[in-house]
Amino acid sequence: MRWTLKPNPNPHKTKQLAAELGVTPLIASLLVQRGVETFEEARAFFRPAFEHLHDPYLMQDMDKAVARIETAIAAGENILVFGDYDVDGTTAVALMSSYLRSYYPNVATYIPDRYAEGYGVSFMGIDFAEDNGFTLIIALDCGIKSIDKVEYATQKGIDFIICDHHRPGDELPEAIAVLDPKRQDCNYPYKELCGCGVGFKLIQALSAKRGQRLLDLIPYLDLVATAIAADIVPITGENRVLAKFGLEVINKNPRPGIKALIKNVKKQELTITDVVFIIAPRINAAGRIKHGNHAVALLTEFDLKQAEEFAGQIETFNADRKDLDKQITKEALKQIETNGEQERFTTVVYQEDWHKGVIGIVASRLTEVYYRPTLVFTKSGDKLAASARSVKDFDVYNALEACSDYLEQFGGHMYAAGLTLKESDLESFKQQFEKVVANTITPDLLVPEISIDAEIDFSDIDDKLIRILKQFEPFGPENMTPVFITRNLTDTGYGKAIGQDEEHLRLFVKQQSDEQGYAAIGFGLAKKIGLTHNRKHFDAVFSIDENEWNGTVSVQLRLRDIKVS
């Protein structure tokens, strides 16, 4: 593990901001690191407000999308809301369908089957639309590369509106409207929306036409916040506003489906991290194990009793998902060892009976063991399908593009992608992928990095610092939980391994023998307990947490790593 201390930001900017806000240089420095440099920017950061949301009509084709939906409603057409089977896709479908149904009945939903149809817009889905009299499809979180599918639909007299956030190819589908802030010709000011976020901009535009206020859309923000958290998009700009108010809805008045999912969580208030680890995996489990329709049914159900039944089914899917994920990870690690591939620049593993629904999770697990770009393949019909995961600062999408001669199709982001290829091309692709990554990745990117915001002493930790750090929430990409380093610490003798398998580390640490000490927990760090024995001095990297126990709240350090001083 390498520790990287971020460079100190411009001292002039830090000093000026500290004076303007009346905060310590430490807080000002953390803000400047996040691109917050002026009083106005700080006000927007600490007080996200609906006024900070952009006019949806600034998005290319928004006027066309709204006009086509209004025409469909006026003519009594049937509208099919189509979306991907992951969290972003299913929340987007729930959002769009429930909003349209609030004033128009002829709306149905369609989630492709992960196994029969694969990712994105499908010919099967278009045939379903034709057979059932749908003349307009609104595709969410997919469609930006579906040129042939949109053409197929057009021949059948079915129009498409695409709401996507993935990178477009050289050519756009000939849909009625293509809403994607990443379009080169789109001047929308914020580029980092998730698929559900683009869907929200469309309902924002529709609602404005209907004379509604933004406040009328607050009940839909639990879905948007869930998608933002699950899709790991930057929590900056509009995403920060939507995530903040969406979290408030989740905590105060969530829709019955989300209420049922979090029923047994014993926390006063859920954070974005809780959404990522509690809500998102359960919604995802439906599409992974059974069918994404189960997630949409849960998220659009208004009867709490029925929602609790759906949530119970999804809990079962999630338990199955965990078992599969463990088993396949074990098999994949064994395959790497058997093939003697521990020292490569990439991980590429394949077994034909691996469950397609969990290969993405397995790819993430493998990067935790062998820190390098990773692909996990399984059989999918007559092709092989894979999930790709990357390491920090390495663009796996570009690496796949350099191997596209062997690929049937691929799509995704810098850190996660999906692809298909012919089984006969697997070996050649594997060699090419290794070669491309070996030639483009730098050695330091193959070592996990902890990025540290600032060096502090324990004397810097006080109530005001903790209070202001809480206002940095919601945390996420480009606004991560601040990470600190403090040197020359000692454990006061309470250090022990804890947890079911004794893999976690619990300490009580001090910097000077006479000053305030703090409880510290390090998940997965029990193997480093020897560094703390006999009052040895060590350096720690941590974030500052609050621990709630029997109604008492105390400061706790969340250890990321420790090293000998």
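Given the structure is predicted, the values throughout are model-derived calculations rather than measurements.
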inquiry  = Tell me whether D353 at atom CG has more than 12 heavy atoms from other residues, nucleotides or ligands lying less than 6.0 Å away.
reply    = yes
query = Do E77 and T135 have side-chain N/O donor and acceptor atoms under 3.5 Å apart?
reply = yes
inquiry  = Within 45 degrees of the ring normal and closer than 6.0 Å to the centroid, is that where the cationic atom of R34 sits relative to F45?
reply    = no
query = Is the NZ or CZ atom of R210 positioned over Y103's six-membered ring, under 6.0 angstrom from the centre and within 45° of the axis?
reply = yes
inquiry  = Tell me whether the rings of F245 and F50 are parallel (<30°), tilted (30 to 60°) or perpendicular (>60°).
reply    = parallel
query = Do you know which of K201, R183, R68 makes salt bridge (Lys or Arg N to Asp or Glu O under 4.0 Å) with D61?
reply = R183
ask   = Between Q60 and L179, is any pair of side-chain heavy atoms under 4.5 Å apart?
value = no
task = Tell me whether the guanidinium CZ or amine NZ of K392 lies under 6.0 angstrom from the six-membered ring centre of Y415 and within 45° of its axis.
result = no
ask   = Hey, is the main chain of I361 close enough, under 3.5 Å, to the side chain of R365 for a donor-acceptor pair?
value = no
note = When Y220, Y104, F200 are each screened for side-chain contact (heavy atoms from CB on, under 4.5 Å) with Y99, the one that passes is Y220
ask   = Taking the six-membered ring where the residue is Trp, are the ring centres of Y110 and F128 under 6.0 Å apart?
value = yes
request  = Identify the residue among L333, T374, T329 that makes a side-chain contact (heavy atoms from CB on, under 4.5 Å) with V369.
outcome  = L333
request  = Flag yes if more than 12 heavy atoms outside K191 fall under 6.0 Å of its NZ atom; otherwise flag no.
outcome  = yes
inquiry  = Here's a test for you: under side-chain contact (heavy atoms from CB on, under 4.5 Å), which of T236, L53, L58 qualifies with Y190?
reply    = T236
query = Any ion pair linking K244 and E248 (charged N to carboxylate O, less than 4.0 Å)?
reply = yes
